[in-house]
Protein chains: 2
Amino acid sequence: MKEIPKKPRLSRAEAKARTREELLKAARVVFARYGYHGTSLDMVAEAAGYTKGAVYANFSGKEDLYLALLDNNLSTGDSELEELIISGVSFGTVSDKITENFYTELEDDRDWAALTVEFFAHAMRNETIRTKLTERIRLAQDYYTSCLEKRIAATGAELPMSVEQTATTLFVFSNALTLLALLDPQPELPGISARMLKMLLG
Amino acid sequence: MKEIPKKPRLSRAEAKARTREELLKAARVVFARYGYHGTSLDMVAEAAGYTKGAVYANFSGKEDLYLALLDNNLSTGDSELEELIISGVSFGTVSDKITENFYTELEDDRDWAALTVEFFAHAMRNETIRTKLTERIRLAQDYYTSCLEKRIAATGAELPMSVEQTATTLFVFSNALTLLALLDPQPELPGISARMLKMLLG
DNA sequence: GTCTATAGAACGATAGAC
DNA sequence: GTCTATCGTTCTATAGAC
């Protein structure tokens with residue numbers, strides 16, 4: 001008689017890793033939808049098909065879960081802006097690209113942006129969390145810096161400030177303008193964005 | 001015998017209105033200190049010298065109380081930045097002033113800033129509130145615009161964009177940089193602020 | 001048999017409603 | 001002031017991997 005093929009059982013470590021990934025995946029959806037305060041760990045666990053026990057077996061608590069989520073997101077250089085900066089195309093092209101796509105995919109990020117703002121406010125009132133969020137923001141700034149350095153190497157562009165200062169300015173301004181656009185989609189915002197990029201990227 | 005002057009009794013409507021004002025006054029302090037989520041109606045009532053019953057007699061709930069606070073809060077052009085813009089002094093002076101005072105009084109606004117960020121996040125998820133906040137932001141942008149126009153009239157400065165665009169940029173950037181500074185007081189931020197002002201004020 | 005990831009109950013605190 | 005609901009966290013029991 002032919003043997004029924006065995007599906008190899010997951011090792012304990014593999015099972016735990018998978019659980020963690022599924023929890024993170026569920027957390028991304030639930031947090032984005034209901035916000036930080038509006039999300040309970042029960043909701044996350046249920047969405048992932050587990051219970052709170054699984055959450056606490058993999059994360060030290062709610063904050064830790066969110067920060068793990070944030071790290072996951074930061075590690076994927078997702079924004080189109082950075083690619084444009086790196087790519088070394090002329091700022092005319094950069095501007096056109098930005099203006100053209102400004103509002104197209106903005107709405108997809110609405111929930112995540114709201115979540116980010118909410119956690120930012122949370123962090124402003126708590127030393128421990130503030131420190132942890134600060135570390136992540138510094139990493140993001142560093143990433144912008146490295147993008148600019150690549151651009152300089154490729155095009156020899158001259159910046160209006162030091163690379164770090166320009167990177168910080170780009171980071172602050174682009175994020176803030178995105179937030180304003182999500183709250184109030186004024187038609188002038190893409191033009192402002194393009195103009196500022198022109199001034200900053202040299 | 002001389003009559004003791006009567007202190008006219010408050011009518012019921014007057015008493016209720018006074019209670020409402022005192023609750024709002026207390027709410028402003030408590031909300032700023034503990035944030036929207038961190039504030040309980042008990043705390044507000046107690047700070048005003050009432051009980052929760054008074055709150056529910058005057059507002060339909062926490063959100064309504066907050067919205068009343070928002071409506072009550074007329075934007076008083078408080079920021080030093082606007083005065084500097086209007087005053088028509090050279091950007092060198094403006095920059096020096098900004099750099100010099102950048103962190104001095106920033107900490108005083110921490111609670112208000114955190115509350116604003118928290119409310120912004122809230123507004124991003126609620127159509128009604130978003131509309132109300134949008135109106136206020138437009139007013140703030142208009143105020144910046146009028147400041148810039150006064151500056152232009154006084155100095156004939158040339159801006160890198162239209163007055164409205166420059167005003168929006170100033171508004172977005174200065175607020176965002178303030179928030180970053182409150183979260184993570186990097187020493188480069190004042191310099192960035194000064195440099196950006198120089199670029200924007202012409 | 002031992003260890004541990006997870007389920008699920010229990011706890012303590014706190015909120016908003018009325 | 002009470003009442004109910006809910007949340008984050010902790011604790012314990014258990015099933016399954018080793």
Side-chain angles (χ1 to χ4, degrees), chain A residues 6-70 115 118-119 121-123 125-130 132-133, chain B residues 16 19-20 22-24 26-70 114-115 118-119 121-122 125-126 128-129:
Chain A
K6 287 177 188 168
K7 181 173 183 181
R9 229 174 256 155
L10 292 177
S11 77
R12 209 181 322 204
E14 287 170 336
K16 183 169 184 181
R18 195 188 58 175
T19 299
R20 189 189 151 93
E21 285 312 307
E22 285 172 349
L23 285 170
L24 278 174
K25 192 174 152 191
R28 179 156 50 236
V29 177
V30 178
F31 268 126
R33 175 139 191 184
Y34 298 102
Y36 186 76
H37 291 285
T39 294
S40 75
L41 296 184
D42 264 326
M43 294 159 73
V44 173
E46 190 180 3
Y50 295 91
T51 65
K52 271 183 300 191
V55 176
Y56 278 91
N58 284 281
F59 306 93
S60 69
K62 194 180 188 179
E63 285 168 10
D64 189 43
L65 175 59
Y66 173 82
L67 288 174
L69 203 57
L70 186 61
L115 176 63
E118 193 179 354
F119 195 78
H122 192 55
R125 302 202 185 261
N126 181 305
E127 270 299 299
T128 308
I129 306 178
R130 209 189 83 193
K132 291 180 180 172
L133 183 58
Chain B
K16 184 169 184 180
T19 300
R20 188 188 152 93
E22 286 172 348
L23 284 170
L24 279 174
R28 185 175 304 124
V29 177
V30 178
F31 270 124
R33 175 136 193 188
Y34 298 102
Y36 184 78
H37 291 285
T39 294
S40 74
L41 296 185
D42 260 326
M43 294 158 73
V44 174
E46 189 181 1
Y50 296 91
T51 63
K52 272 182 297 191
V55 176
Y56 279 95
N58 283 279
F59 305 94
S60 71
K62 192 181 188 179
E63 191 168 273
D64 188 43
L65 174 60
Y66 193 101
L67 283 175
L69 194 60
L70 179 70
L115 181 61
E118 201 177 350
F119 187 68
H122 195 57
R125 298 194 186 268
N126 181 306
T128 308
I129 304 179

task = Check the distance between C:dC18's P and B:Phe59's CZ and give it to me in whole angstrom.
result = 17 Å
task = Name the nucleic acid region contacted by A:Thr39, choosing base, sugar-phosphate or nothing; use a 4.0 angstrom heavy-atom cut-off, strictly under.
result = sugar-phosphate
query = Over how many whole Å does the gap from A:Lys62 atom NZ to D:dT10 atom C1' extend?
reply = 17 Å
query = Near B:Arg33 CZ, under 6.0 Å, is it more than 12 heavy atoms from other residues, nucleotides or ligands?
reply = no
query = Reading nucleotides 1-11 of chain C 5' to 3', which nucleotides get B (base under 4.0 Å from a protein heavy atom), which S (sugar-phosphate only), which -?
reply = --BBSBBS-B-
request  = Quick one: list whatever passes salt bridge (Lys or Arg N to Asp or Glu O under 4.0 Å) with B:Asp42, sequence neighbours left out.
outcome  = B:Lys52
remark   = Atom NE2 of A:His37 and atom C1' of C:dT14 are separated, to the nearest Å, by 14 Å
inquiry  = Could you check whether A:Lys25 pairs with A:Glu22 (Lys NZ or Arg NE/NH1/NH2 to Asp/Glu carboxylate O, under 4.0 Å)?
reply    = no
Distance, rounded to the nearest Å, where B:Phe31 contributes CZ and C:dA15 contributes C1' = 13 Å
task = Find the distance B:Asp64:CG to C:dG16:P and express it as a whole number of Å.
result = 14 Å
request  = Measure from CG on A:Asp42 to P on D:dT9 and round the result to the nearest Å.
outcome  = 12 Å
message = Please give me the minimum heavy-atom distance between B:Glu118 and B:Tyr36, naming the atom from each residue.
response = OE1-N, 3.0 Å
query = Does OH in A:Tyr34 sit with more than 12 non-hydrogen atoms of other residues, nucleotides or ligands closer than 6.0 Å?
reply = no
message = Is the shortest side-chain heavy-atom distance between B:Asn58 and B:Leu24 below 4.5 Å?
response = no
task = To the nearest Å, give me how far apart CG (B:Leu41) and C1' (C:dG16) are.
result = 7 Å
